[in-house]
Amino acid sequence: MTDQPASPTRDAAHHATHDDRHARRAASFGAAAALYQTARPSYPDEAVAWCVPRSALDVVDLAAGTGKLTERILAQDVPGRRVTAVEPSPGMRDALHAALPGVTVLPGTAEGTGLPAASADAVAVGQAWHWFDPPRAAAELARVLRPGGTLALLWNVRDTEAGAGWVADVEEILHRDDPLRTISGPPALGSVFGPVEHRQVRWTDPVAPSSLRALAASRSHVLTLPEDAREALLAEIDELAATHPELRGRDVVAMPYRTDCFRAVRTASR
């Protein structure tokens, strides 16, 4: 039997299914905001300093979630800096308010931030660009940024090349049968932005092996699985934490990460 080319109808159905799944996963975090806040790692200061220049006074954390990146931007302690967090999920916004009560938190999306034109010196996006419509998001952020402003994207990626064999085992379980793998590659931003620069920062996060279940449970792939499949996957994570020789009986281990950072400057011309 030979493969037949997909019909336009079949292609449209495939894309509709993919888009629906993508949208459902993007919207899954709000109900798990407390879990996300507890389980997800922060961002290393070296990466944040490269992404958000100290000269930027009006800074936007877009798709800010529970404020993991917002908190590190504030920790730069730049005099006169004003940080605005924009987040579409009410659950995530509530968690951010609780964690950082002094921060301005607004509803909005990457494609429609609701922010004034030319109002930001820097926009940072942590762990979220893959949920956006890139051309529309790039156009909106070009509108929001002042000429010379910086757009920066960050992804924390568990580093399977750092020597800890158990990390690769965790990754295999987490990504098994996941059709929407996150690719933290360079973004296509259009002619309004200058060249995209890239930097990697390697670091480690101290975690309890028992917390690997919560880390797994905070991922969109796991959040949107049927209950029985989700529990089976989390049981595998529990078994790994209890039996792997590098994890068994340990109170804390070093989770290796690399933070992939991309930045580009908004040019003066449109």
Side-chain angles (χ1 to χ4, degrees), residues 3-4 6-7 9-41 63-68 87-96 98 107 109-111 125-134 155-160 164-185 205 207-244 247-248 253 255 257:
D3 291 334
Q4 297 296 320
S7 68
T9 301
R10 188 181 307 164
D11 280 346
H14 170 77
H15 288 302
T17 300
H18 178 277
D19 290 347
D20 289 346
R21 185 186 299 120
H22 191 272
R24 188 159 79 83
R25 286 178 59 163
S28 67
F29 297 108
L35 180 66
Y36 192 102
Q37 173 67 2
T38 301
R40 290 297 184 102
T66 62
K68 294 283 187 177
E87 166 57 42
S89 164
M92 290 291 215
R93 290 198 303 273
D94 288 346
L96 201 160
T109 66
E111 300 80 9
V125 181
Q127 217 77 16
W129 185 262
H130 51 287
W131 299 121
F132 302 165
D133 179 329
W155 280 273
N156 282 327
V157 181
R158 284 173 293 279
D159 193 348
T160 58
W166 60 270
V167 180
D169 294 337
V170 169
E171 289 297 279
E172 190 281 322
I173 296 170
L174 291 186
H175 290 292
R176 190 186 304 152
D177 300 323
D178 183 354
L180 299 177
R181 296 291 294 269
T182 299
I183 299 174
S184 55
D205 188 33
V207 299
S210 60
S211 72
L212 293 176
R213 178 186 179 95
L215 179 63
S218 72
R219 295 186 65 252
S220 65
H221 171 52
V222 180
L223 287 168
T224 54
L225 283 173
E227 184 175 358
D228 56 345
R230 181 169 61 252
E231 287 305 314
L233 185 150
L234 295 176
E236 282 196 67
I237 293 291
D238 288 341
E239 178 71 10
L240 180 70
T243 62
H244 194 285
L247 299 175
R248 182 179 62 242
V253 294
M255 172 73 84
Y257 281 97

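Closest approach of Ala217 and Leu234 over heavy atoms only: N-CD2, 3.8 Å. Shortest non-hydrogen contact noted between Asp205 and Tyr257 is CB-CE1, 3.8 Å. In terms of heavy-atom proximity, Asn156 sits nearest to Gln127 at N-OE1, 2.7 Å. Across Arg213 and Asp238, no two heavy atoms sit closer than the pair NH1-OD2, 2.5 Å. Leu96 approaches Gly65 most closely through the heavy-atom pair CD1-O, 3.4 Å. In plain terms, the two heavy atoms of Arg219 and Leu174 that are nearest each other are NH1-O, 3.1 Å.
At a threshold of 4.5 Å between non-hydrogen side-chain atoms, the residues His244 and Val253 do not count as touching. Between Thr66 and Lys68 the shortest side-chain heavy-atom distance falls below 4.5 Å.
Separating the CD atom in Glu239 from the CD1 atom in Ile173 is a distance of 9.5 Å, to the nearest 0.5 Å. Once rounded to the nearest 0.5 Å, the distance linking CE of Met255 with CG of Asp159 reads 11.0 Å. Put simply, CG on Asp169 and CG on Leu212 are 11.0 Å apart, with the number rounded to the nearest 0.5 Å. Expressed to the nearest 0.5 Å, how far CD of Glu236 lies from CD of Glu231 amounts to 12.5 Å. The CG atom of Leu225 lies 6.5 Å from the CG atom of Leu233; values are rounded to the nearest 0.5 Å. Here the CD atom belonging to Glu111 is positioned 5.5 Å from the CG atom belonging to Asp133, to the nearest 0.5 angstrom.
One side chain, Arg40 or Ser218, offers a donor N or O that lies under 3.5 Å from an acceptor on the other.
The closest donor-acceptor contact from the side chain of Arg248 to the backbone of Ala241 lies at 3.5 Å or more, if one exists at all. Arg93 places a side-chain N or O within donor-acceptor distance of the main-chain N or O of Glu87, the cut-off being under 3.5 Å. Between the side chain of Ser211 and the backbone N or O of Val207 there is no donor-acceptor pair closer than 3.5 Å.
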- request: Test side-chain contact (heavy atoms from CB on, under 4.5 Å) on Val125 and Phe132 and set out the steps.
  value: CA-CA 11 Å; Val125 181; Phe132 302 165; 3.7 Å; yes
